[in-house]
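Letters A, B, ... mirror the listed sequences (proteins, then strands); counts begin at 1. Note that the coordinates shown come from a computational prediction; the quantities given were computed from them, not determined experimentally.
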Amino acid sequence: MPGISKPADDEMLSRTGETGALWMKGADMVVEALRREQVEVIFGYPGGAVLPLYDALYQCGIRHVLTRHEQGAIHAAEGYARVTGKPGVVIATSGPGATNLVTGLADAMMDSIPLVAITGQVAKTVIGTDAFQETSIIGISTPITKHNYQIRHASEIPKVFKEAFHIANSGRKGPVLIDIPKDVSGEEAWFTYDDPPQLPGYQPTVVPHHMQIRKLMHGLQHAKRPVILAGAGVLHARATDKLLAFVEKYQLPVVQTLLGLGGFPASHPLCLGMGGMHGSAAANKALYETDFLINLGARFDDRLTGKLEHFAPNAMVAHIDIDPAEIGKNVPTDIPVVGDVGEALEMMLGIDVPPPDAAAWREELLRVKRELPFWWVQDGPAIKPQRLIAEIARITKGDVIVTTDVGQHQMWAAQFFPLNQPDRWVTSGGLGTMGFGLPAAIGAHFGHPDKQVVAILGDAGFQMTLQELAVIGEHQLPIKVVIVNNSALGMVRQWQELFHGERYSESLLPWQPDFVKLGEAYRIPSMRVERDDELTSALEAFLGQPGPGLLECVVDPNENVYPMVAPGTGIHQMVGVKP
Amino acid sequence: MTPVLSVLVHNKPGVLNRITALFMRKGFNIQSLTVCITENPEISRMTIVMSDMDEAALEQVIKQLHKQIDVLKVTDLTDQAMVARELALIRVNSPIAERAVIHSLIEPFRANIVDVGRETVTVQVTGDAEKIDALIALLRPYGIRELARTGLTALPREAAAGADAKRAGEAQVLHI
């Protein structure tokens with residue numbers, strides 16, 4: 001509705017009095033919409049096209065965290081969303097600001113992270129003219145967002161923001177981008193925020209069909225080798241208590257996905273840990289031999305399933321997912337259940353069936369769990385990265401938020417850091433984004449400022465976004481940065497060792513910066529540890545100090561992640577299950 | 001199987017791009033695509049003819065379409081009674097002396113001549129794809145100068161109306 005003209009003063013007063021509608025400028029509307037959505041913190045970076053928006057944000061009462069790169073801002077927003085379950089909010093300017101969000105949008109799309117990304121755009125009058133810092137972020141972001149909007153007039157702002165937050169944080173969650181041309185910020189229109197979103201094409205199914213739940217429970221009661229696969233859907237649905245109740249009621253072994261860690265307590269006797277490429281022997285045995293698999297909000301990713309023909313080959317598969325497109329996509333499904341995992345578990349708990357006769361199966365899996373745990377061999381003075389992770393977990397008693405980058409250290413963290421609670425594990429799963437861990441730790445801190453955050457990073461991934469140390473230094477955030485330094489792109493090096501004849505093409509980093517001096521340059525207390533016999537005391541000192549810290553751990557560069565399901569093989573064909 | 005989908009979408013900028021981007025990223029190939037406004041000016045109908053695919057792939061296409069926020073309804077016309085029509089314009093060599101022959105060829109197809117020149121005539125024909133293919137084959141020996149086809153547009157027949165592709169969340173057992 002271009003051309004809305006400003007009403008006369010008395011008309012304005014009477015409409016505001018009657019309906020609560022406010023006559024506002026576009027930029028102020030954005031801030032007001034964020035306030036109505038109870039946004040506590042925004043991660044962002046200003047620039048030309050968002051100058052009016054940043055003017056409205058100035059002293060507006062909503063905290064803004066200035067990162068040092070837009071990619072840092074969006075990963076921070078992801079970290080915030082992962083530990084709070086609330087949408088993360090990120091702002092970037094047009095052109096390069098917007099394109100710097102691309103990796104984070106794709107990451108959030110893959111891992112179903114709720115985000116609202118606001119980008120500036122050049123003025124409507126010059127869109128399409130290759131104006132300074134113009135880019136079609138709508139075109140670029142369409143395949144990597146759940147939805148996106150370009151606002152054509154300020155009067156659309158309330159409706160679009162309401163829809164964007166609703167879409168981002170309901171159904172299968174995900175990122176929504178709102179592109180705002182610069183001149184829209186100065187337009188004036190009425191602001192109301194009370195109307196519920198009208199989205200006839202978006203009606204996610206939350207409550208599952210009761211017949212499907214009945215079928216599932218019927219199947220469970222006759223199972224001999226049942227297993228639960230607990231994915232990130234358990235965490236998104238905030239259903240960890242219900243999962244625990246269900247598992248205990250029927251005494252079912254639980255396998256977790258990488259992103260599902262923390263959804264079921266690692267310390268529970270029935271927890272078999274992570275399955276898949278670097279999963280535990282017990283978890284993969286369960287997935288291979290099961291005759292009744294209940295998938296709770298996991299998407300049967302290839303890193304979990306291995307070669308599909310060997311995945312749960314003899315099982316009846318029940319798959320509960322809020323996204324119907326995931327059901328039957330990779331693994332043939334006998335009992336599809338579309339809905340929220342929490343709602344489904346509640347209905348499953350409401351139906352009493354005789355527990356399956358699975359004591360022998362359970363005993364067998366628990367024996368494998370006992371006999372074939374994750375392992376390492378201490379064979380010299382060098383620090384073993386696995387022990388490093390286990391020591392961090394022991395010293396912190398696991399009561400911290402852990403963020404990771406991507407690669408070997410990520411897998412070791414998944415294997416050796418027992419996660420007993422939800423919202424403590426922040427990692428990039430589907431997209432596998434190096435450079436994720438450090439900015440995500442900043443976001444996680446703002447989600448839970450009272451909690452200590454430990455960012456476990458590889459030496460290579462750390463160097464992709466290390467500029468965000470400035471945020472930690474500037475605000476003296478209680479984030480402990482642990483660099484697992486093996487002077488390599490460890491996982492690439494491992495694959496080259498195993499599958500490319502030890503031809504280490506561009507994966508070794510013998511030249512490294514001085515990480516301690518680097519940390520100190522950002523005014524973060526920093527130290528280095530290189531010997532196993534110094535590890536425990538160094539970690540205790542490092543983790544015990546208040547405020548920020550950076551610890552470079554020089555680890556054995558030859559360590560590989562085991563067990564391993566080699567690409568193209570089945571999950572029953574693991575190598576390296578024991579020393 | 002050559003699937004035909006009828007998709008109702010919001011009539012607003014960028015929606016076509018969302019749909020084609022979806023097909024591209026999922027690796028689905030489109031044979032023809034028509035987009036037109038419906039009786040409701042806020043809604044457009046896309047008629048999409050896909051390349052051959054198995055049932056599991058088609059199911060994934062339909063589910064992915066349903067995920068689009070601007071998609072209001074997906075109807076799978078593949079195995080349904082439907083009215084499906086395409087229009088073609090065929091500019092064919094037609095010296096004055098042979099013009100009567102062209103007339104007699106196209107007449108059983110209920111095709112019309114919509115443009116006449118010294119060297120060519122332009123034939124307009126509507127029908128299903130096979131009928132149009134047949135006419136093109138008949139005219140080819142005379143020399144087709146230019147050819148434009150609209151691609152298929154379709155509606156279910158009244159008796160079949162209501163057999164929509166299952167909406168997300170409806171109970172259904174997958175046979176894959």
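A 4.5 Å side-chain heavy-atom check between A:Asp323 and B:Lys63 finds every atom pair outside the cut-off. Using a 4.5 Å cut-off on side-chain heavy atoms (C-beta onward), B:Lys67 and A:Arg172 make contact.
For a residue to count as touching a neighbouring chain, one of its non-hydrogen atoms must lie under 4.5 Å from one of that chain's; by this rule B:Arg25 touches chain A with the side chain only.
Smallest separation of non-hydrogen atoms from B:Leu72 and A:Gly201: CD2-N, 3.8 Å. The shortest heavy-atom contact between B:Asn17 and A:Gly139 is ND2-CA, 4.4 Å.
Other residues, nucleotides and ligands place no more than 12 heavy atoms under 6.0 Å from the NZ atom of A:Lys159. For B:Gln124, the CD atom counts as densely surrounded, since its 6.0 Å shell holds more than 12 non-hydrogen atoms of other residues, nucleotides or ligands.
Between atom CZ of residue B:Arg18 and atom OG1 of residue A:Thr145 there is a gap of 7.0 Å, rounded to the nearest 0.5 Å. Put simply, NZ on A:Lys146 and CD on B:Gln68 are 11.5 Å apart, with the number rounded to the nearest 0.5 Å. Note that NE2 of B:His10 and CG of A:Leu199 are 8.0 Å apart. Values are rounded to the nearest 0.5 Å.
Residue with the most contacts toward chain B among A:Ile322, A:Val206, A:Ile138, A:Ile167: A:Ile167 (heavy-atom pairs, distance under 4.5 Å).
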